[in-house]
Participant: 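Can you keep this structure in mind? I'll have questions shortly.
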Amino acid sequence: GKGQHRHFMVKEIYEQPQVIGDTLNTMLNPASRTITLPELPFDLATIKRVTIVACGTSYYAGMVTKYWIEQLARIPVDVEIASEFRYRQPVLVAGDMAVFISQSGETADTLAALRYCRDAGLHTVALVNVAESTIAREATTALLTQAGPEIGVASTKAFTTQLVVLACLAMGIARANGRLTPEQEAHLSQALAEVPARIAEMLRDEDKIRVIAEDVAQARDVLYLGRGPCYPIALEGALKLKEVSYIHAEGYAAGELKHGPIALIDDHVPVVVLCPSDELYDKTASNVQEVIARGAKVLFISDAEGLSKLAVAPMASFTMPMVDPFVAPILYAVPVQLLAYHVALARGTDVDQPRNLAKSVTVE
Ligand code: M6R
């Protein structure tokens, strides 16, 4: 049941510290600050390229993973929408690794892509939340998230638990090909181990998001901006808002703004900016100045350092915990979930069962 919560969506948002911790427990050894991946029937060191295939929110988890694997392991990663991948005759090399991300493990297009890769001789790794699902059974290896049943149609805890598994996988690939030093492994493991506590802290500020959501609920269109691994989180934030509030939203890489979407900016279009203080901070902050100069109402989501450095005044801000940039995309997923939820409440939509959507898309 929903317990003390009004909807499954918010219950599942609040479960994240617990289920992320449960998921990390399957791979992270906090004492030694090392990771242990499940036994794989192939040697990760032989992998020359990783193909990741998924749909919807799971696809955005794949996009974040591309940043992680390419940065840490220095091998190329392709991330593909399953319905495109399966019909475009992708060029695949037998012996490479393909990863299929699916909460339900039953998504028809993702399953078809898995079979395509298996027939092409790739090692297929599934990442699912349902151990006995078709995708888990048909893959060479199944990795599991420990999110527990996700009832809300809008995916929340499945996404963040996918991300922590994928972060460990990226570290595992990097370690296998000699690119992750024990010091780095310890440092990143520590950053991951702290994620549940940081999210729990952040959730205490839910009320601030509720207040901001009342404004956003008046909008017809909303833009989400992010850079680097927070770019996929901008896409995820926009998807979440569309799904549960029916407000039109678009996610953009902040650097793309001046290539088109800036034409949309006026004081009726809220702009949600995901901007941790990392090496890309200054770039995104200057995009914020540009849109504020054009009258945009910005919701600036950053940490204390990032907020104090911002030279202009956003309409609203939300303070995130200071974390290692490696785990920032996991944390920044949570305020955009809460924002979508509160905007939906303000609009009176059916949060857990949005119109036209199914929890599991088993037909193409
Ligand atoms: O079960 P899956 O992870 O394969 O589902 C993929 C998408 O259908 C799913 O993420 C969908 O986009 C959600 N409604 C997002 O909230």
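First listed ligand is number 1; within each ligand, the first listed atom is number 1.
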Participant: Any N/O of Ser104 closer than 3.5 Å to an N/O of ligand 1?
Facilitator: yes
Participant: With backbone taken as N, CA, C and O and side chain as the heavy atoms from C-beta onward, which portion of Lys240 lies under 4.0 Å from ligand 1: side chain, backbone, both, or neither?
Facilitator: side chain
Participant: Suppose we measure from atom 8 (O) of ligand 1 to each protein heavy atom; which comes out shortest, and what is that distance?
Facilitator: Val361 CG2, 4.1 Å
Participant: How far is atom 10 (O) of ligand 1 from its nearest protein heavy atom, and which residue and atom name does that atom have?
Facilitator: Thr57 N, 3.1 Å
Participant: Under 3.5 Å, is there a donor-acceptor pair between the Ser58 and Gln162 side chains?
Facilitator: yes
Participant: Can you list the ligand 1 atoms lying under 4.0 Å from a non-hydrogen atom of Glu243?
Facilitator: 13 (C), 14 (N), 15 (C), 16 (O)
Participant: Looking at CG of Leu280 and SG of Cys230, how far apart are the two atoms once the value is rounded to the nearest 0.5 Å?
Facilitator: 9.5 Å
Participant: If we count only N and O atoms by modelled type, under 3.5 Å, do the side chains of Thr161 and Gln146 hold a donor and an acceptor together?
Facilitator: no
Participant: Answer with yes or no after comparing the ring centroid distance for His7 and Tyr341 against a 6.0 Å cut-off, counting only values under it.
Facilitator: yes
Participant: Could you state the interatomic distance from OG1 (Thr51) to NE2 (His123), rounded to the nearest 0.5 Å?
Facilitator: 12.5 Å
Participant: Tell me whether Val153 has any N or O atom under 3.5 angstrom from an N or O of ligand 1.
Facilitator: yes
Participant: Under 3.5 Å, N or O to N or O, is Lys359 touching ligand 1 that way?
Facilitator: no
Participant: With the threshold set at 4.0 Å, does a side-chain nitrogen-carboxylate oxygen contact exist between Glu70 and Lys66?
Facilitator: yes
Participant: Where the closest heavy atom to atom 12 (O) of ligand 1 is concerned, which of Gly56, Cys55, Pro354 has it?
Facilitator: Gly56
Participant: Please write down residue, atom name and distance for the protein heavy atom closest to atom 4 (O) of ligand 1.
Facilitator: Thr107 OG1, 2.4 Å
Participant: Is the positively charged end of Arg355 above the ring of Tyr246, judged by distance under 6.0 angstrom from the centroid and angle within 45° of the axis?
Facilitator: yes
Participant: Could an N or O of ligand 1 be found under 3.5 Å from any N or O of Ser155, whether backbone or side chain?
Facilitator: yes
Participant: Give a yes/no verdict on whether any heavy atom in Ala154 is under 4.0 Å from an atom of ligand 1.
Facilitator: yes
Participant: Output all residues satisfying side chain to side chain contact (heavy atoms under 4.5 Å, CB included) with Lys208, sequence neighbours left out; order by chain, then residue number.
Facilitator: Asp205, Phe318
